[in-house]
**Student:** 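To start, I am sharing the structure in question, which I have written as structure tokens.
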Amino acid sequence: MSTDTPQAHAAKQVQVVSGITVRLAGDSGDGMQLLGTQLTNTSALAGNDVATFPDFPAEIRAPRGTRAGVSGFQVQFAAHEVHTPGDTLDALVAMNPAALVTNIGDLRKGGLLIVNEDSFEDKDLKLAKLTTSPLDEPWVENYRLAKVPMTKLTRTAVQSLGLGVKEADRCRNFFAMGMVYWLYGRDLDATLRFIQAKFSKLPDIQEANERALRAGWAFGETTELFGSSYQVEPATLPKGTYRNIMGNQAMAWGLMTAAHLSGKEMFYGSYPITPASDILHELSKYKNFGICTVQAEDEIAAICSTIGAAYGGAMGVTTSSGPGIALKAEAMGLAVMIELPLLVIDVQRGGPSTGLPTKTEQADLLQLLFGRNGEAPVPVLAARSPGDCFDTAVEAWRIATQFMVPVVILSDGYIANGSEPWAIPDVNSLKPITITHPTGEAGEKFLPYSRDADLARPWAIPGTPELMHRVGGLEKQDGTGDVSYDAANHEKMVHIRAQKVANVAKIIPPQEVIGPSEGELLVLSWGGTYGACRTAVLKGIEEGRSVAHCHLRHMNPFPSNLGQILGNYESVLIPELNLGQLRMLIRAKYLIDAVGYNRVQGKPFSVSELVEKIAEMTSGKQNMASSKLTSRAG
Amino acid sequence: MSTDTPQAHAAKQVQVVSGITVRLAGDSGDGMQLLGTQLTNTSALAGNDVATFPDFPAEIRAPRGTRAGVSGFQVQFAAHEVHTPGDTLDALVAMNPAALVTNIGDLRKGGLLIVNEDSFEDKDLKLAKLTTSPLDEPWVENYRLAKVPMTKLTRTAVQSLGLGVKEADRCRNFFAMGMVYWLYGRDLDATLRFIQAKFSKLPDIQEANERALRAGWAFGETTELFGSSYQVEPATLPKGTYRNIMGNQAMAWGLMTAAHLSGKEMFYGSYPITPASDILHELSKYKNFGICTVQAEDEIAAICSTIGAAYGGAMGVTTSSGPGIALKAEAMGLAVMIELPLLVIDVQRGGPSTGLPTKTEQADLLQLLFGRNGEAPVPVLAARSPGDCFDTAVEAWRIATQFMVPVVILSDGYIANGSEPWAIPDVNSLKPITITHPTGEAGEKFLPYSRDADLARPWAIPGTPELMHRVGGLEKQDGTGDVSYDAANHEKMVHIRAQKVANVAKIIPPQEVIGPSEGELLVLSWGGTYGACRTAVLKGIEEGRSVAHCHLRHMNPFPSNLGQILGNYESVLIPELNLGQLRMLIRAKYLIDAVGYNRVQGKPFSVSELVEKIAEMTSGKQNMASSKLTSRAG
Amino acid sequence: MSAALPVLTANDFASDQDIRWCPGCGDYSILAQMKKMLPSLGLPLEQIVFISGIGCSSRFPYYMNTYGMHSIHGRAPALATGLRVARPDLKVFVITGDGDSLSIGGNHFIHLLRRNVNLTLVLFNNRIYGLTKGQYSPTSPEGQVTKSTPMGAVDHPLNPISIALGAEASFIARSVDSNIKHLAATLYRAAQHRGTSVVEVYQNCNVFNDGAFSYAQDKATRDDTTLELEHGKPLIFGKNRDKGIRLNGLHPEVVSLADGSVSHDDLLFHDEKAESTLVHLLAKMRHPQFPEPIGVFRDIEIPIFEDQVRGQLDSAIAKRGAGDLNKLFRSGDTWEVA
Amino acid sequence: MSAALPVLTANDFASDQDIRWCPGCGDYSILAQMKKMLPSLGLPLEQIVFISGIGCSSRFPYYMNTYGMHSIHGRAPALATGLRVARPDLKVFVITGDGDSLSIGGNHFIHLLRRNVNLTLVLFNNRIYGLTKGQYSPTSPEGQVTKSTPMGAVDHPLNPISIALGAEASFIARSVDSNIKHLAATLYRAAQHRGTSVVEVYQNCNVFNDGAFSYAQDKATRDDTTLELEHGKPLIFGKNRDKGIRLNGLHPEVVSLADGSVSHDDLLFHDEKAESTLVHLLAKMRHPQFPEPIGVFRDIEIPIFEDQVRGQLDSAIAKRGAGDLNKLFRSGDTWEVA
Ligand SMILES: Cc1ncc(C[n+]2csc(CCOP(=O)(O)OP(=O)(O)O)c2C)c(N)n1
Ligand SMILES: Cc1ncc(C[n+]2csc(CCOP(=O)(O)OP(=O)(O)O)c2C)c(N)n1
Ligand code: SF4
Ligand code: SF4
Ligand SMILES: [Mg+2]
Ligand SMILES: [Mg+2]
């Protein structure tokens, strides 16, 4: 709950609040992800702005009822713009003791704690490695506890259908959902439609889930347990048609759109890896869009097949996460040398090595910039939010084809699995991506390594008469592309490849800043920390601090006005979910003593920690600050 | 010829000179590498300091007589310390037209040009893509040309042995050698011994080569072609027993010594790649030293087998060059996570991709530092010269075992194939490397991720009772090493791994500087550019410039006094054979506007270009500079 | 191996880690049989090392109270090779999945076999990627619908036995997770072999590929759909052991033994030591056309890699004496500076 | 393929690049036969792509006046797979060495075969690493002394044909660099095959492994040491065609046809379409115990990968209509903000 707090506990009272953060937590078999998605969609349909954070165990099916098996889904929905799923919870729904103890830390004092009291039996406690029930602990007093016998109530609701106990109990989650919907005044329709579609072949189950959902709602309305229900007004988002979108889905759709805009077939070579696999799954669905997906034997084959396809003229895309990206390094070098357009997408996760596969992190930036032998620069872009994956994918492909260069996109586990409302673009109104393949004239010598104004070489594709040529990983002679061991030529080519990437800066839109254009503090961020940083800076500004926010999409090359921007602030703070990777680049390039705020915990920043850091680094006196600045600039 | 120049052309005159740079160039089938090695050894035996630079074609056997097939070997031998094979040549021996035209550019004006005039026939010119003989060109006047009918003279010398023409002609190179030996007053003995050993099973060939060698010497003595012969006095090197050593050989021997000093068996897993393969070949010879070499199926298997051996308690070593190192990235991350000692050696070559396999470069530094997913720091050392590979290998293994961490050694093609005199150490006097493996007590819980003062974890090896434990690539729980997805633990472990590497700085000897301890310019270099930088700085100092030289062995972590050193000079120049990789690190860490001097031509710096750059960046007035400095520090 | 070794039980081999496979997963059974079998090797816990790659199956080492490593995807054979060369005194097991060993790790798998490193590799074949939640694997049958192949897989599946044979493995066997006696016996045989022993285990992934091997798992059908290989015995199968395999030229055919027209002597006899053509023929017998052979396909003795690698060290020492660095450094041309 | 195609000659296929193999290298002969064979395919230059890995052999594409790529070590099969899926209209050749395809590239090799991508892979087997100057390769015989194995190689060599068969390749052949007519004919057969055709070519590396295949190359011996396979014909060899191969159980044996006691009908007949057991048996016939079969071991027709991948696109369009992004984006739950 962002600004307001509940005021009284009169039954059936409706409180209008500006926003709510709620987490649904239960066993991974309890369908928490499904519930969360339903609540998200319903809230979005109600016109709220929403942001989500699913958090599931690394195991496929960790043993039921254990702490390791807890699956959570957090949603913030609000009447204003939200950029994060929220720091602290206004409400926590805990389906079992393990879910309670592993999540209670995030519930704010006075927050609503709803538990399924039927699952606090001795055996449940034992599975959660507890000796006594947490519901009997004194600290429970800190929260508004609602003990609901969800299992019993659900069984009762579906009794007449004659289901087995197991099947009946599976409907519990919809009972919980019904309560939550009542609590926040959400409409049941979308979820009822979902149940109908999902269980259309199992009419009994469909009926049972519907009943459970309605029973939950009815229970909320009837019981005295909840002080009040809450109402969150629609947010005023820009005009348009919206849908909820997840990061990996937006990435896939962005890729499909880029292919469409450039009139290209897409060849997608990949190898499954968490948290990138859903891009493979998503793209595999759309064969009627002319998307060829190949699950290769490994990541090396994945990128190599993609390079082969690119040589043939297709839009080549490969995706992975850190460990798989490491395996692609050698082939990325080949793509740099043979100068073909290609997208390499890294959905980052906790590292090093296998690390924390289901957790988020931003620690692959330097790997993508430098993790190849020799001088092998490539443009690197980073998406900032689920919906932004769409735009980033389109822009990356635009760059790849204009400059004939492999381009890297960084996403991360947080963005990939998170979701947010997305203003659906009209594809027909998007700017086309223009690609030309040269044709040949008999008798004219073709120069595969000739250059256009951007230093791009021609993308001549097999099948074109007279343009037969050979490419490869050995150094190329300028122009002809023949193998060359010449010293001066090598240096020239190294510079051309570097300059070509540097040239991308010419088409990058100038970097924007939110907040004062000069002042005490600039928060410089990139990638998935966008939401937390933006929210924290806005809060800082609200508090009257001299702080601005600059969020980078372009990690290489940097926008050309970045140096100038950095010079306009007394300090620069770079929050990153790593040990300071962007910070190193900024310090090296601009020689400014940028300060890092670094967390490597496999989870996103909380807004409050950033707010605190900003407070620490600013005087809180905006006017004084700007006068100070004037004197400094003078 | 370093300082003196020949003065008169009286026959049989002997000129004393301080040093000579000579290059032998011919077809790759002509045995130039063998000649060069002989000249080097003989000069070293004569007490000169020597440095060499072999330069051979990428092809195994490029077509005879072509430019692509030219193989060269350059030696500088001198009466003083030398750090490079020399910039410009005092003498060039060209066995055919292709060798002449591809090498003449490096011969100084007035230098001696010896050619085999028998190989300047029309067919030879055609093979070299020449229409007229270069010997008839006016520019030949710039040099002291000695046209010697080597083929004919050699045939005559060996005639009575009744060899075939082909076999007789193969002795040509020893004829050339004989001339060169006469010219520089070299002793024939060592080479005669070599011929005897090499051809002991072919007495005719042995005899023929001996005769050719002596005939060459006699020809030098008799002919009027050479104005004078030259004498280079012994250098005053530190006391000791010396031998000539090549970089890859020194690396192999250093590894063997490290194994010996730590009482470890060495397991060496590798996959052939230029220019690293000779380490594999060298180590494979010494099976009686207990060295297990395994040629794995690829670079990934090479490093993985090495990690397996390290887990078993062996000294694990793997080597490669850029493209192969790229493939090892993922496994290096595993080694970081499981914290085992291991050496990963990169003999750098021209990149990116397959690049210029036989050429040198320093462009893998950032790959080795950052080319892994997640925060995966490792110590990185760089060898500076052929002999220094020995010390670097020993030091790297010392660090790896003390800190339980994989350590990277950077070498390069220039060092690997170059050679220099090496003061042979007495192995018994070297400091042992102490390694302890814990033993277990029944009933005590073993903590495989407990820490000592350096933050190293215990190296418990299979077979030890009571210490059974599991390691792996998933994040480890502090202490127990169990899999942990805990947020705070992850952050703690990321910091421990980083701090452990940072701790290495505690045992690194303080960085040394040659030249003034403060002043106008510091030249900061690393790796194989040592010789050129050192020579150039010494020259600058000789010229009275305020310049000093700081050469890094430790690329990560930096020596702890480096920042302080950098602060003592007005400017810092970082010459590198890349686009500025160390420069980026220095700028980021110390926020100083270090200037780069960068060449990426697949070949080492020349001393003269650095001398020029140093001149450009210094006032030439040492006193004024230091007074300036004083005021700046004030 | 100390003489006073306490007798171990299956429980001694259990580590203190919570097992994190899905309830009902076939991996549990393989773990149980491994623990049950190990005491019979008479080795102390510390002599044993389990090395795995990545996958559900590859979590196996965490559950064993031995030394172990959960390495990276596909590379366990390479790690194990290095370990065995460095430490031939250790008993090494490699645990891998169908994706781990035949997709990303296919090359290391082949090279392990051609080197014949002395270890036992257990390939948990569930014909699916379990850990990454259900993509097709190199052993998934054509047409299999998975998350990455919504219209069905199009590649021809790899047969682990055929690949192993192509690489000339010295020990090849197959068993089934639920056929626990057979499994324990097969693991035991594999562990006894000197050289690389490959055991393919049909393993049910009840979450993403339930029932892929039900024909071979179900007690009701398995006698007719599988055929237990026995060295020196004719190939007979069926609930009533009334069917056999006869050779027709180079082709096997199923014959009925019920009416007595075919005698045991007419049947193909199994020979674990046979030239590889017999193994090939057995590998090609696939359900439903044939019963699928389980048990030991092949068990021949050929030199092992680490013996030979280390043997070269020994013979080098025998020939040239133990290496002396000071001598080596001073060999060839040296000179004194005084 | 245009109708008015000019008739090409071998010379038209030569690029302008200087050839940089050692004088006397077997690669020259393979290049020459490839150039001689290509015109018979009736394809214009621009329809043909050569993709190679790294090695001496892998420089091949530079010498062809077609499209080409000299890629990275071991990965050519993967590159070619992507190219064929994207561009099924192109004729693709993969050129690779024994190290390139069976050491670092072994996994891609197997997966190429199981997918049965429509292309021809020519494996230049010289049983050595040429480009890196003479280390042993996966096909080097045990005991071979090389720079990396000064006391002899200890691994059992891989047999490319066995590995190909293990992966169930649809076309497998072998030829010899110096047997130029046979080589050209074999390359032609391979190029005609729909699916992956593997041709192992015995290639002499006269610098680092001279004479490794002299038994099969020398005109004096080759009739007795090799056996030309002919579909439907009995296995007969020898200078006077007086020796044959007969089946004894599952084992081949050499029999003399000289005294008439064995008739052609008693011999084993070659069948390119046979079940794989015959191919297996042929692959196992190694010098000097047996003559080594050359020619086409196997040529069967099975679905090709790119047809199926692209076929799924077509049938998806047929079923669901060509995709419409605007429609897709607006499917499911959406809402309007006005
Ligand atoms: C380099 C790398 N690529 C991909 C992955 C993701 N990954 C983990 S396990 C796995 C496949 C698992 O399948 P399988 O080997 O059959 O094991 P199972 O889970 O079925 O037991 C994949 C693709 C990874 N961890 N590392
Ligand atoms: C990743 C990588 N590893 C190693 C090398 C070095 N290398 C180049 S070719 C080659 C092996 C060549 O042997 P083969 O494939 O048999 O080809 P040949 O030269 O004999 O024709 C090796 C190891 C490389 N270029 N790239
Ligand atoms: S996903 Fe499948 S293989 Fe993995 S643990 Fe679950 S049931 Fe077993
Ligand atoms: S090294 Fe061998 S394979 Fe390579 S070109 Fe020379 S002869 Fe041919
Ligand atoms: Mg599996
Ligand atoms: Mg080869």
Side-chain angles (χ1 to χ4, degrees), chain A residues 57-58 68 321-327 329-330 333-334 336-338 348 350-359 361 363-364 366-367 369-376 472-475 485 487-488 490-491 494-495 497-498 578-579 583-585 587-589 591-593 599-603, chain B residues 57-58 68 321-327 329-330 333-334 336-338 348 350-359 361 363-364 366-367 369-376 472-475 485 487-488 490-491 494-495 497-498 578-579 583-585 587-589 591-593 599-603:
Chain A
S321 187
I325 293 289
L327 290 169
E330 192 204 2
L334 176 66
V336 166
M337 199 62 141
I338 63 180
Q348 298 165 96
S353 194
T354 313
L356 295 168
T358 57
K359 307 286 177 185
E361 205 158 288
D364 291 356
L366 296 179
Q367 172 180 221
L369 282 171
F370 303 121
R372 291 170 292 282
N373 59 301
E375 294 288 354
L474 288 166
E475 183 60 284
Y485 299 113
H490 175 46
E491 186 157 69
V494 166
H495 281 291
R497 287 185 291 262
N578 60 38
L579 293 184
R583 179 167 171 257
M584 185 189 82
L585 301 172
R587 289 171 62 96
K589 174 136 194 186
L591 291 178
I592 60 164
D593 192 7
R599 288 289 174 274
V600 196
Q601 305 192 339
K603 58 182 192 187
Chain B
S321 186
I325 293 287
L327 290 168
E330 191 204 4
L334 175 67
V336 167
M337 198 64 138
I338 64 182
Q348 299 165 95
S353 194
T354 313
L356 294 168
T358 57
K359 307 286 177 187
E361 204 158 288
D364 291 356
L366 297 178
Q367 174 181 221
L369 283 170
F370 303 122
R372 293 168 290 281
N373 58 301
E375 295 288 353
L474 288 166
E475 184 58 284
Y485 301 112
H490 175 46
E491 186 157 70
V494 165
H495 281 290
R497 287 185 291 262
N578 60 38
L579 293 183
R583 180 167 170 256
M584 185 188 83
L585 300 172
R587 289 171 62 95
K589 174 137 194 189
L591 291 178
I592 59 163
D593 192 6
R599 288 289 173 272
V600 197
Q601 303 192 341
K603 57 182 190 187

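Heavy-atom basis, side chains included; hydrogens, waters and symmetry copies ignored. Naming: A, B, ... by sequence-line order, numbering from 1 per chain.
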**Student:** Looking only at heavy atoms and a cut-off of under 4.5 Å, which of A:P352, A:G350, A:G351, A:G324 has the most pairs with chain B?
**Tutor:**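 Answer, by heavy-atom pair count under 4.5 Å with chain B: A:P352.
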**Student:** Can you tell me if B:D364 uses its side chain to pair, donor with acceptor, with the backbone of A:G374 under 3.5 Å?
**Tutor:**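 Yes.
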**Student:** With respect to chain B, which residue among A:G371, A:G355, A:G602 yields the maximal number of heavy-atom pairs within a distance under 4.5 Å?
**Tutor:**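 That would be A:G355.
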**Student:** Going by salt bridge (charged side-chain N to carboxylate O under 4.0 Å, His left out), name the residues that satisfy it together with A:R583, two or more places apart in sequence or in a different chain.
**Tutor:**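 A:R583 satisfies salt bridge (charged side-chain N to carboxylate O under 4.0 Å, His left out) with no residue once adjacent residues are dropped.
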**Student:** Could you tell me the separation between the CD atom of B:Q348 and the CG atom of A:N373, rounded to the nearest 0.5 Å?
**Tutor:**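 These two atoms lie 10.0 Å from each other.
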**Student:** At a heavy-atom distance under 4.5 Å, which candidate from A:G473, A:A363, A:S321 has the highest pair count against chain B?
**Tutor:**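 Highest number of heavy-atom pairs under 4.5 Å: A:G473.
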**Student:** Who passes salt bridge (charged side-chain N to carboxylate O under 4.0 Å, His left out) against A:E475, sequence neighbours left out?
**Tutor:**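 Partners of A:E475 under the salt bridge (charged side-chain N to carboxylate O under 4.0 Å, His left out) test: A:R497.
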**Student:** Determine yes or no for a side-chain-to-main-chain donor-acceptor pair under 3.5 angstrom, with A:E491 supplying the side chain and B:V600 the backbone.
**Tutor:**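 Yes; at least one donor-acceptor contact below 3.5 Å.
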**Student:** Relative to chain B, which of A:L369, A:I338, A:V494, A:T358 shows the most heavy atom pairs under 4.5 Å?
**Tutor:**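 Between A:L369, A:I338, A:V494, A:T358, the count favours A:V494.
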**Student:** Please identify, among A:K603, A:K359, A:R372, the residue contributing the most non-hydrogen atom pairs under 4.5 Å to chain B.
**Tutor:**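 Option with the greatest count: A:R372.
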**Student:** In Å and rounded to the nearest 0.5 Å, what is the OG1 to CG distance from B:T354 to A:L334?
**Tutor:**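 Between atom OG1 of B:T354 and atom CG of A:L334 there are 7.0 Å.
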**Student:** Rounded to the nearest 0.5 Å, how far does NZ of B:K589 lie from CE of A:M584?
**Tutor:**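 A:M584 atom CE to B:K589 atom NZ measures 12.0 Å (nearest 0.5 Å).
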**Student:** Answer yes or no: is there a side-chain heavy-atom contact under 4.5 Å between A:E330 and B:I325?
**Tutor:**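 Of all side-chain heavy-atom pairs linking B:I325 with A:E330, none is under 4.5 Å.
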